[in-house]
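Here the structure comes first, spelled out in structure tokens, and everything after it is commentary.
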Amino acid sequence: MTQVRNDSAILDAVVVGAGFGGLYAVKRLTDAGFAVQAFEAGDGVGGTWYWNRYPGARVDLECWDYSYSFSPELQDEWDWPERYPTSSELMKYLNHVADRFELRRHIRFNTRVETAVFDERENLWIVTTSDGKVTRARFFVPATGVLSVPKPPEIAGLDSFKGESYHTGRWPHHEVDFSNKRVGVIGTGSSGIQVIQALAGQCRHLSVFQRTAVYVVPAKNHPLTPAMRARVRATYTERRAVSRLTRFGIAVPFPVESALDATPEERSRKYENAWENSQLLGFRMCYGDILSNEAANETVAEFIRGKIRDTVRKPDVAEKLMPRGFPFGTKRPCLGDTYYSVYNRDDVTLVDLKQTPIERVVPEGIETSEGLHELDVLIYATGYDALTGALTHIDVRGVNGRKLTDKWASGAKTYIGLMTSGFPNLFTVTGPGSPGPLANMSMSIEQHIDWIAACMTYLRNNAIERIDAVPQAEEDWMQHVQDVVSNTLYLKANSWYIGANVPGKPHVFLPYLGGHGTYRRKCDEIAAAGYPGFVLSRATAREASQASSNEAIHVAEAGLMGGAV
Ligand code: NAP
């Protein structure tokens with residue numbers, strides 16, 4: 001049997017990123033006895049939250065769900081101050097995690113991974129970083145996040161603006177002074193909604209440039225008292241256990257009843273309750289067919305439009321704010337407690353780009369078809385090259401030097417969201433083909449990293465050098481991802497789930513909609529069965545060629561298909 005190599009210059013794994021995913025990868029893999037080096041482009045931990053420090057930035061899942069579950073001690077000792085933590089609170093938490101579990105010594109900060117090339121003779125990833133160094137490792141684990149490469153808008157003249165300009169996803173680490181300034185925000189997704197709410201009343205004038213109106217439901221954020229925290233802690237274990245089996249990775253039941261079987265009064269009662277006691281999934285949990293039946297969906301959409309009518313005093317502005325043309329929930333709904341009422345202020349203007357499109361950015365501000373909006377500060381809340389952007393920004397090359405960008409040119413493909421064939425020993429984290437952003441991200445991350453760590457341990461214990469996805473298994477999985485989404489309304493929206501927000505990106509729905517619990521079970525079954533759908537190889541290519549005189553033995557050892565040989 002081939003021996004596992006013992007070369008101290010060769011690490012077990014290179015991890016990319018020090019956000020939720022990277023930190024947990026370092027923790028879990030080092031606990032399993034692997035030698036790990038992580039690289040992080042920023043000068044501290046935090047990932048998404050390191051870059052997203054714009055005014056109003058906070059997560060849209062409740063803190064007891066959007067946090068690590070791997071350590072009961074961590075869970076018990078950390079006191080979240082509010083239902084939805086701010087970006088700075090999440091940064092404190094992630095810094096605490098890095099310190100408590102002594103993770104920083106494994107992370108090189110201010111260091112960007114530039115290339116990752118698979119050496120197929122040695123089964124090693126050769127990783128070069130922005131400091132000019134080269135690191136060799138058996139496994140490559142890019143925990144680069146699904147929303148980490150900001151996408152600037154395609155508008156002429158961006159560089160000509162003479163005021164300050166910022167993208168929400170690359171917010172500066174210094175204070176930005178908005179007082180007495182005319183501020184423009186382009187974009188009304190989750191980031192735009194938050195920044196708009198935070199800046200209304202804090203600047204001389206706020207102009208919101210809206211291309212597509214979105215559904216915004218109340219966050220009902222509030223401070224947490226010790227009694228509230230104690231209540232959650234008392235049932236934390238059960239709560240997490242249930243969450244692991246559910247569709248969205250949080251402990252909420254998913255109903256089966258149709259909205260269309262209910263009377264208008266019953267629906268209205270449920271929707272009022274969802275509005276008043278809301279959380280991100282509130283409306284989707286009212287009935288089982290909100291995301292699959294257009295007529296059912298429209299009942300929610302119309303309810304929310306009614307709330308906009310009730311809140312916004314100027315009917316023409318209310319009309320512009322009403323989302324139309326895509327079903328509720330098929331773009332991620334936004335949370336906001338004051339969003340719609342912001343437009344009752346005299347110092348806030350809504351510019352509807354459908355009626356008066358932006359023509360160009362000029363030194364003084366933004367020129368639309370109706371004239372110039374003079375601005376001192378311009379904020380781009382224009383989203384991300386989501387799901388694939390962070391990985392394809394690294395020059396990744398697999399077997400035969402094939403570039404990942406070439407392989408994914410007509411759409412990203414993975415087998416169960418964890419590996420992409422032709423790129424052995426590379427594990428993706430919450431990427432294409434996994435439920436990732438359609439479930440509780442922190443729980444998705446833990447599930448992925450736990451699976452990866454268990455897989456690496458299995459390979460080590462069985463002296464297996466290399467694992468790769470079987471191309472047909474990958475095709476079948478991606479077909480399954482498409483089959484599942486085609487039974488829903490998600491394809492009716494031009495969302496970042498489908499790559500529609502990035503010009504030239506293939507339009508393929510990438511997240512797996514089968515649900516977190518179902519997906520977890522599938523991944524566990526594959527591991528328990530010895531990894532069907534993967535090719536596992538014992539010898540390196542170099543060893544196999546050296547042993548050509550005794551080829552039969554090595555061919556058998558080098559070609560374990562799903563561990564079945
Ligand atoms: P987004 O949802 O992609 O929204 C981008 C916005 O910019 C859209 O309104 C888009 O309009 C607009 N836009 C893009 N290019 C434009 C152009 N050239 N001209 C005019 N408008 C343009 O991005 P995001 O708000 O950053 O949110 C992305 C995801 O991050 C969210 O869905 C969520 O998952 C996550 N997020 C979560 C939180 C939270 O936890 N609370 C906060 C922020 C972000 P169109 O719709 O017309 O394309």
Side-chain angles (χ1 to χ4, degrees), residues 20 47-49 51-63 65-66 82-87 89-90 145-158 166-171 184-198 207-217 219 221 248 279-281 321 323-326 329-337 339 350-354 356-361 366 368 378-387 389 430 436-442 444 493-503 505 511:
F20 260 94
T48 290
W49 302 106
W51 301 106
N52 279 265
R53 337 179 149 211
Y54 56 85
R58 60 172 82 232
V59 68
D60 57 6
L61 285 183
E62 292 158 302
C63 53
D65 292 316
Y66 191 75
E82 291 179 275
R83 184 182 182 197
Y84 300 102
T86 59
S87 142
E89 193 58 37
L90 285 158
V146 298
L147 294 157
S148 33
V149 175
K151 188 201 78 74
E154 308 67 37
I155 299 175
L158 287 188
Y166 307 103
H167 191 290
T168 48
R170 283 290 177 276
W171 201 258
V185 177
I186 303 179
T188 50
S190 303
S191 308
I193 300 302
Q194 291 184 332
V195 86
I196 290 162
Q197 291 179 124
S207 301
V208 177
F209 296 87
Q210 171 192 277
R211 190 164 68 181
T212 305
V214 280
Y215 299 92
V216 183
V217 298
N221 185 40
F248 294 108
Q279 48 114 311
L280 188 64
L281 295 170
L321 287 166
R324 296 192 194 278
F326 65 99
T330 54
K331 288 185 174 199
R332 194 176 175 99
C334 307
L335 290 189
D337 284 324
Y339 180 66
L350 179 68
V351 182
D352 182 354
L353 300 180
K354 290 229 158 86
T356 55
I358 293 178
E359 293 193 335
R360 64 188 68 80
V361 173
I366 290 183
T368 67
L378 188 41
I379 297 174
Y380 303 114
T382 45
Y384 297 87
D385 182 355
L387 289 150
T430 64
L438 292 175
N440 171 359
M441 269 307 261
S442 60
S444 294
N494 282 330
S495 65
W496 56 259
Y497 301 139
I498 213 169
N501 64 328
V502 178
K505 197 167 174 174

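Keep in mind that what you see is a predicted model, and the values were worked out from it rather than measured. Note that ligands are numbered from 1 as they come in the structure, with each ligand's atoms numbered from 1 the same way.
- Closest approach of Gly169 and Tyr384 over heavy atoms only: CA-OH, 3.2 Å.
- Among the atoms of Tyr384, none of the N or O lies under 3.5 angstrom from an N or O of ligand 1.
- With distances taken over non-hydrogen atoms, the option nearest atom 20 (C) of ligand 1 out of Val195, Leu158, Leu90, Ile186 is Ile186.
- Taking only nitrogen or oxygen atoms, main chain and side chain alike, Gln194 reaches within less than 3.5 Å of ligand 1.
- In terms of polar-atom proximity, defined here as any N/O pair under 3.5 Å, Ser190 does make such a contact with ligand 1.
- Close contacts of ligand 1 with Thr188, meaning ligand atoms under 4.0 Å from a residue heavy atom, involve 6 (C), 8 (C), 9 (O).
- By the salt bridge (Lys or Arg N to Asp or Glu O under 4.0 Å) test, Asp60 is found to be paired with Arg332, residues two or more places apart in sequence or in another chain being considered.
- Rounding to the nearest 0.5 Å gives a distance of 12.5 Å between CZ of Phe209 and OG1 of Thr188.
- Neither the backbone nor the side chain of Val214 has any atom closer than 4.0 Å to an atom of ligand 1 (non-hydrogen atoms only).
- No side-chain heavy atom of Ile366 sits under 4.5 Å from any side-chain heavy atom of Val351.
- A 4.5 Å side-chain heavy-atom check between Trp49 and Phe20 finds at least one atom pair inside the cut-off.
- Per-residue contacts place Lys151 under 4.0 angstrom from the following atoms of ligand 1 (heavy atoms of the residue considered): 15 (N).
- Atom 18 (N) of ligand 1 has Pro153 CB, 3.3 Å as its closest protein atom, hydrogens excluded (heavy atom only).
- Applying the 4.0 Å criterion to heavy atoms of Thr212 picks out, from ligand 1, the atoms 45 (P), 46 (O), 47 (O).
- The backbone of Ala381, and not its side chain, has at least one atom closer than 4.0 Å to an atom of ligand 1 (non-hydrogen atoms only; backbone = N, CA, C, O).
- Contact annotation for Leu353 and ligand 1: only side-chain heavy atoms (C-beta onward) come within less than 4.0 Å of the ligand.
- With sequence neighbours excluded, the residues satisfying salt bridge (Lys or Arg N to Asp or Glu O under 4.0 Å) with Arg58 are Glu82.
- Residues Ser495 and Thr330 form no side-chain contact, since every pair of their non-hydrogen atoms from C-beta on lies 4.5 Å or further apart.
- If you look at Leu147 next to ligand 1, the close heavy atoms, those under 4.0 Å, all belong to the side chain.
- For the atom pair CG (Leu350) and CD (Gln210), the distance works out to 5.0 Å, reported to the nearest 0.5 Å.
- Looking at Tyr54 next to ligand 1, no N or O pair under 3.5 Å apart turns up.
- Considering only non-hydrogen protein atoms, atom 40 (O) of ligand 1 sits nearest to Asp60 N, 2.9 Å.
- Remark: minimum distance from atom 12 (C) of ligand 1 to any protein heavy atom is reached at Gly187 CA, 3.6 Å.
- Ranking the protein heavy atoms by distance from atom 46 (O) of ligand 1 puts Lys331 NZ, 2.9 Å first.
- If you number the atoms of ligand 1 from 1 as listed, the ones under 4.0 Å from a heavy atom of Arg58 come out as 39 (C), 40 (O), 41 (N).
- The distance from ligand 1 to the heavy atoms of Glu154 drops below 4.0 Å at these ligand atoms: 18 (N).
- Among protein heavy atoms, the minimum distance from atom 33 (C) of ligand 1 is reached at Arg332 CD, 3.3 Å.
- The shortest side-chain heavy-atom distance between Trp171 and Ile379 falls under the 4.5 Å cut-off.
- The shortest contact between atom 24 (P) of ligand 1 and any protein heavy atom is with Ser191 OG, 3.3 Å.
- Distance OG1/Thr382 to CD/Glu154: 8.0 Å, rounded to 0.5 Å.
- By the criterion of a heavy-atom distance under 4.0 Å, neither the backbone nor the side chain of Gln210 is placed next to ligand 1.
- Separating the CZ atom in Arg211 from the CD1 atom in Ile358 is a distance of 8.5 Å, to the nearest 0.5 Å.
- Taking the ring centroids of Tyr54 and Tyr380, they lie at or beyond the 6.0 Å cut-off.
- Considering both main-chain and side-chain atoms, Trp49 never comes within under 3.5 Å of ligand 1 through any nitrogen or oxygen pair.
- Residue-level proximity to ligand 1 for Tyr66 is absent, since no heavy atom of it falls below 4.0 angstrom.
- Taking a 4.0 Å cut-off on heavy atoms, Thr168 fails to register as neighbouring ligand 1.
- Within the 4.5 Å cutoff, the side chain of Thr212 has heavy atoms near those of the Lys354 side chain.
- Distance check: Leu147 CG to Asn52 CG gives 8.5 Å after rounding to the nearest 0.5 Å.
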